[in-house]
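In what follows, a structure is listed as structure tokens, so that the remarks can point back to it.
All of these numbers come straight from a predicted model, not from anything done at the bench. Each residue takes its place number in the sequence, starting with 1.
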Amino acid sequence: MFSIENRKVRIEKRRAGLRVYFYILCSMFFSLSSYAQCAMCRAALNGEGNKAKAAAVNDGIVYLMVIPYVLVGALGYYIYRMKKKKS
């Protein structure tokens, strides 16, 4: 027979699994709307003669996207080294 503690552990594991499933499901639905451009970007890049400008805007978007990831990664590495040094 299962003890009460084993039952609590199984319930907690099930809840954790449901949270992960719910998070993945929500992130799939909210990522669908990320394919849009703002009105100013669309107006500036309409037309065939703006290929260089479109490439510049795309490079700027990538640049703005990468910087927070680099900063968070550096902070995570710093915390990792600090914890490793303590133990």
Next item on the list: Check the hydrophobic clustering (I, L, V, M, F, W, Y; side-chain heavy atoms under 4.5 Å; chains of links allowed) and say if Y80 and V72 are grouped together.
Entry: no
Item checked: Y63-L71 co-clustered via ILVMFWY side chain contacts under 4.5 Å -> yes
Notebook entry, point to check: Sequence neighbours excluded, which residues qualify as salt bridge (Lys or Arg N to Asp or Glu O under 4.0 Å) partners of E12?
Noted result: R15
Next item on the list: State, yes or no, whether a side-chain contact exists between F22 and L18 at a heavy-atom distance under 4.5 Å.
Entry: no
Next item on the list: Output all residues satisfying side chain to side chain contact (heavy atoms under 4.5 Å, CB included) with L64, sequence neighbours left out; order by chain, then residue number.
Entry: none
Item checked: Pairs involving residues 55-83, ordered by first then second residue, that meet salt bridge (charged side-chain N to carboxylate O under 4.0 Å, His left out) (sequence neighbours left out) -> none
